[in-house]
Amino acid sequence: MTDPTPARVRFAPSPTGRFHIGGARTALYDFLLARQTSGQFILRIEDTDRKRFVPGAEEEIMESLHWLGLEWDEGPDVGGPFGPYRQSERTQIYQQHAELLVERGYAYPCFCSPERLSQVRKQLLKVKQPPRYDRLCRRLAPEEAQARVQAGESHVIRFKTPRDGSTTAVDLLRGPITVQNASLDDYILLKSNGLPVYHLAAIVDDYLMKITHVLRGSEWLPTFPLHVLIYQAMGWDQPIWVHLSVFLNPSGKGKMSKRHAGVKAIYVLDLKQMGYLPEGLLNWISLMGWSFDDHTEFFSIQELIEFYSLQKLNPSPAAVDYKKLDHFNGHHIRDLPTEDLVHRMRPFYETAGLVVDDAQLSQIAPLVQERIRTLEEAVEISGFFFRDTVEPDPAQLIGKNMTPAESAKAIRRAYQVIEALPTMDVEPLETALRFLADEIGLKAGQLFGILRVAVTGQRVSPPLIESMAVIGKVEVLARIERAIALLETQAEVE
RNA sequence: GCCCCCAUCGUCUAGGGGACCAGGACGUAGGCCUUUCAAGCCUAAGACCGGGGUUCGAAUCCCCGUGGGGGCACCA
């Protein structure tokens with residue numbers, strides 16, 4: 001819509017931990033741009049750091065993305081014309097490019113030990129200088145350096161950052177960002193183990209994979225100029241750069257973290273388990289840093305694809321608001337066709353140890369649909385349908401402004417009325433019970449209140465009459481009978 | 001310490017010089033509806049960080065403060 005040229009965008013997570021909503025938002029924005037322009041959404045795994053590698057992390061990323069419906073066109077598992085898509089399988093490519101930079105005089109081998117490096121940093125910090133490399137090896141004659149490399153001496157490859165002048169990097173949301181080159185370090189490009197660092201790997205891959213738009217977190221802003229310098233050294237055209245703002249804790253203080261999320265989860269798979277819908281989660285996430293207009297808030301995936309626009313991105317940090325997630329999720333639950341809701345609720349009942357079948361669930365779904373915000377809540381509010389017995393709190397069985405004896409008497413009459421009914425059809429049942437209430441001088445609410453607790457075991461429940469119809473006459477009568485007993489026991493105590 | 005980014009209701013945001021006594025949403029409060037709870041509908045309270053400019057006119061542009069965030073690893 002905004003850009004007719006097919007975009008090639010990549011989501012490039014590191015398998016270093018669990019997959020959270022920040023990553024999900026970046027992936028969503030990538031996906032939307034690709035779909036909107038009929039381009040490609042690429043999944044690339046940035047696993048160049050062996051030390052931080054977490055087994056299973058890559059699988060969680062993929063599982064989360066699948067669940068969210070953010071399917072990629074190229075990736076480690078599905079392949080593609082620019083593979084491999086796992087950086088650990090592309091080591092040679094990075095080494096070749098690092099060598100190229102050295103040959104051209106844009107990079108140099110550095111033989112300094114990690115110990116010396118931290119020594120230098122400590123020293124600089126002491127005199128209140130930025131902790132950087134002192135560029136000792138940059139002064140080495142190329143021939144000498146080359147010889148030492150040939151001799152097998154351990155070394156890294158560093159970028160030869162210009163000493164003076166400035167570099168301007170252009171971010172789509174922020175415009176040109178200019179920094180003095182003197183404030184930049186001679187960053188390491190290739191580690192001594194031969195593996196690349198992000199700065200090299202990401203740039204090389206983005207170029208080789210013909211990425212048109214780079215969407216990434218704003219934590220890359222400080223090294224953004226370095227990335228531009230590498231592009232310039234390589235003689236490559238830059239992609240469009242978009243730095244997304246970070247998510248803040250609900251308090252608005254500090255970057256979103258597990259510790260501060262409280263009872264709510266920040267991991268996609270946890271949210272799934274809590275009963276959130278992909279639709280609800282995506283809708284919520286999409287609006288954290290992006291907007292469509294001044295009043296439209298509910299979007300389906302299709303609508304997001306249609307309406308998404310990089311121009312409407314907001315560069316300021318956003319605090320996560322779980323209340324809003326509940327709101328969006330509730331809306332999307334209400335939006336679901338009943339059969340779809342049944343299908344999605346089912347696993348939650350099973351997890352709770354309840355035996356359900358789709359026919360029952362189909363009757364219950366409409367009763368709970370407009371009063372739940374998560375699928376998990378469906379179990380809380382309607383578990384009584386599937387339990388053999390309910391355990392009402394005797395105190396709650398007492399009708400409003402009534403005594404236990406009066407309450408018992410009232411539902412004893414209700415028992416008789418229901419028993420005499422040929423069916424449990426909603427309309428005649430409601431008519432009969434309302435008539436009864438009138439006859440014995442009660443408000444419908446009083447009678448219904450007692451019956452509600454008797455039948456559902458809860459003070460709050462789905463609509464009573466409909467619920468009784470689903471439960472069935474035999475079971476309803478059994479539950480009322482038990483409630484009568486409980487009430488009479490109380491009456492005797494008095 | 002240095003570098004970079006950001007700044008509208010509690011929160012997410014609309015706003016890109018006059019259409020703004022600043023709009024929407026979540027949340028909050030009250031009401032309607034109602035067999036409970038929701039949902040739905042209505043109403044209310046609630047913000048342009050401060051100071052200088054520029055301009056006939058600034059939430060919108062510039063500068064300085066302040067505040068918040070991010071970064072300164074052979075991590076990404």
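Letters A, B, ... mirror the listed sequences (proteins, then strands); counts begin at 1.
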* Rounding to the closest angstrom, what is the interatomic distance between B/C5 and B/A45 at atom C1'? -> 34 Å
* Asked: Do the two ring centres, one from A/Tyr198 and one from A/His227, sit under 6.0 Å apart?
  -> yes
* To do: Would you mind reading off the distance between A/Asp185 atom CG and B/C75 atom P, rounded to a whole angstrom?
  => 14 Å
* Proximal nucleotide (of B/G1, B/C12, B/U35) relative to the A/Pro130 side chain -> B/G1
* What nucleic acid atoms does A/Trp220 come within less than 4.0 Å of, heavy atoms only: base, sugar-phosphate, or nothing? -> base
* Determine the contact category for A/Gly254: base if any of its heavy atoms lies under 4.0 Å from a base atom, sugar-phosphate if only primed atoms, P, OP1 or OP2 are that close, otherwise nothing. => sugar-phosphate
* State whether A/Arg50 places a side-chain N or O below 4.0 Å from either non-bridging phosphate oxygen (OP1 or OP2) of B/C75. => no
* Asked: Across the strands shown, which category fits A/Pro13 at heavy-atom distances under 4.0 angstrom: base, sugar-phosphate, nothing?
  -> nothing
* Which value, in whole Å, describes the distance between the C1' atoms of nucleotides B/C32 and B/G24? -> 23 Å
* To do: Check whether any side-chain N or O of A/Asn314 sits under 4.0 Å from OP1 or OP2 of B/A14, and answer yes or no.
  => yes
* Once you round to the nearest 0.5 Å, how far does CG of A/Leu221 lie from CH2 of A/Trp241? -> 11.0 Å
* Asked: According to a strict under-4.0 Å criterion, is A/Lys191 in side-chain N/O contact with OP1 or OP2 of B/C75?
  -> yes
* Asked: At what distance, to the nearest 0.5 angstrom, does CD of A/Glu99 lie from CG of A/Leu101?
  -> 10.5 Å
* **N/O (side chain, A/Arg174) to phosphate O (OP1/OP2, B/A7) under 4.0 Å** => no
* Rounded to whole angstrom units, what separation is found between the CG atom of A/Leu325 and the P atom of B/C12? -> 15 Å
* Contact class for A/Pro15 vs. all strands (heavy atom < 4.0 Å): base, sugar-phosphate, or nothing? -> nothing
* Quote, to the nearest angstrom, the P distance that separates B/C56 from B/C48. => 27 Å
* Find the distance A/Tyr187:OH to B/C75:C1' and express it as a whole number of Å. => 14 Å
* **Closest to side chain of A/Lys324, choosing from B/C2, B/C12, B/C74** => B/C12
* Please determine if a side-chain N or O atom of A/Arg373 lies less than 4.0 Å away from the OP1 or OP2 oxygen of B/G27. => yes
* Counting only side-chain N and O atoms of A/Lys312, is one of them less than 4.0 Å from OP1 or OP2 of B/G15? -> yes
* To do: Please say whether more than 12 non-hydrogen atoms of neighbouring residues, nucleotides or ligands are located less than 6.0 Å from NZ in A/Lys409.
  => no
* Asked: Have A/Ser316 and A/Asn314 got a donor and an acceptor in their side chains that come within less than 3.5 Å?
  -> yes
* Output yes when A/Glu58 and A/Arg86 qualify as a salt bridge under the 4.0 Å nitrogen-oxygen rule, no when they do not. => yes
* Structure fact -> Of the candidates B/C6, B/C12, B/G70, the side chain of A/Pro317 sits closest to B/C6
* Structure fact -> With the side chain defined as heavy atoms from C-beta on, A/Leu117 is closest, among B/C74, B/U36, B/G1, to B/C74
* Separation of the C1' atoms in B/G10 and B/G68, to the nearest angstrom -> 16 Å
* Mind calculating the distance between CG (A/Leu190) and P (B/C75) to the nearest angstrom? => 11 Å
* Have a look at A/Pro225 and say if it touches a base, only the backbone sugar-phosphate, or nothing, with a 4.0 Å heavy-atom cut-off. => nothing
* **Touch class at under 4.0 angstrom, heavy-atom based, for A/Leu464 against every strand present** => base
* Once you round it to whole Å, what is the distance between C1' of B/C12 and CG of A/Asn283? -> 12 Å
* To do: Quick one: label A/Val156 by what it contacts on the DNA or RNA (base, sugar-phosphate, nothing), any heavy atom closer than 4.0 Å.
  => base
* Asked: Across the strands shown, which category fits A/Ile177 at heavy-atom distances under 4.0 angstrom: base, sugar-phosphate, nothing?
  -> sugar-phosphate
* To do: Check whether any side-chain N or O of A/His327 sits under 4.0 Å from OP1 or OP2 of B/C26, and answer yes or no.
  => yes
* Asked: Does A/Tyr108 have its ring centroid less than 6.0 Å away from the ring centroid of A/His155?
  -> no
* To do: Just call it for A/Lys443: base, sugar-phosphate, or nothing, with non-hydrogen atoms closer than 4.0 Å on any strand.
  => nothing
* Please give, in whole Å, the distance from B/U11 C1' to A/Leu287 CG? -> 13 Å
* Looking at B/A73, B/C26, B/C6, which one has an atom nearest to any side-chain atom of A/Pro131? -> B/A73
* **Closest-nucleotide 5' rank along RNA chain B - winner of A/Pro176 and A/Glu466** => A/Pro176
* Now, which nucleotide makes the Watson-Crick or G-U wobble pair with B/U35, with each of the two distances under 3.5 Å? -> none
* is_close_aromatic(A/Trp72, A/Tyr85), centroid dist under 6.0 Å -> no
* Tell me what A/Thr48 touches on the nucleic acid: a base, only sugar-phosphate, or nothing, going by heavy atoms under 4.0 Å. => sugar-phosphate
* To the nearest angstrom, how far is A/Asp294 atom CG from B/C20 atom P? -> 12 Å
* Asked: Taking OP1 and OP2 of B/A76, is either one under 4.0 Å from a side-chain nitrogen or oxygen of A/Arg216?
  -> no
* Before accepting this row, confirm whether a basic side-chain N of the pair A/Arg121/A/Asp185 lies closer than 4.0 Å to the acidic partner's carboxylate O. => no
* Structure fact -> Quick note, A/Ser316 side chain, CB onward, closest among B/C6, B/C12, B/U35 is B/C6
* Counting side-chain heavy atoms from CB outward, which of B/U35, B/G69, B/C37 is closest to A/Arg371? -> B/C37
* Measure the distance from CZ on A/Phe159 to P on B/C72 and round it to the nearest whole Å. => 19 Å
* How is A/Ser291 classified with respect to the nucleic acid when contacts are heavy atoms under 4.0 Å: base, sugar-phosphate, or nothing? -> sugar-phosphate
* To do: Remember a base hit wins even if backbone is also touched, and classify A/Gly289 as base, sugar-phosphate or nothing at under 4.0 Å, heavy atoms.
  => sugar-phosphate
* To do: Confirm from the modelled atom types if A/Arg459 and B/U36 form a donor-acceptor pair under 3.5 Å, side chain to base only.
  => no
* Asked: What interatomic distance, in whole Å, is found between C1' of B/G65 and the corresponding atom of B/A7?
  -> 13 Å
* To do: Mind checking A/Ala444 for me? I need base, sugar-phosphate or nothing, with any heavy atom below 4.0 Å counting as a touch.
  => nothing
* Structure fact -> Checking B/A76, B/A73, B/C6 against the side chain of A/Glu46 (C-beta onward), the nearest is B/A76
* **B/A39 to B/C26 separation - P atoms, rounded to the nearest Å** => 10 Å
* Asked: Any luck finding a side-chain donor-acceptor pair between A/Thr167 and A/Asn181 under 3.5 Å?
  -> yes
* Asked: Any donor-acceptor pair under 3.5 Å joining the side chain of A/Arg52 to the base of B/C75?
  -> yes
* To do: Please check the phosphate of B/U36 (OP1 and OP2 only) for any side-chain N or O of A/Lys400 closer than 4.0 Å.
  => no
* How is A/Arg121 classified with respect to the nucleic acid when contacts are heavy atoms under 4.0 Å: base, sugar-phosphate, or nothing? -> sugar-phosphate
* Asked: What distance, rounded to whole Å, do you find between the two C1' atoms, one in B/G18 and one in B/G30?
  -> 37 Å
* **Inter-nucleotide P distance (B/A76, B/C61), Å rounded** => 38 Å
* Could you check A/Ser192 against A/Glu297 and say which one's nearest nucleotide on RNA chain B is further toward the 5' end? => A/Glu297
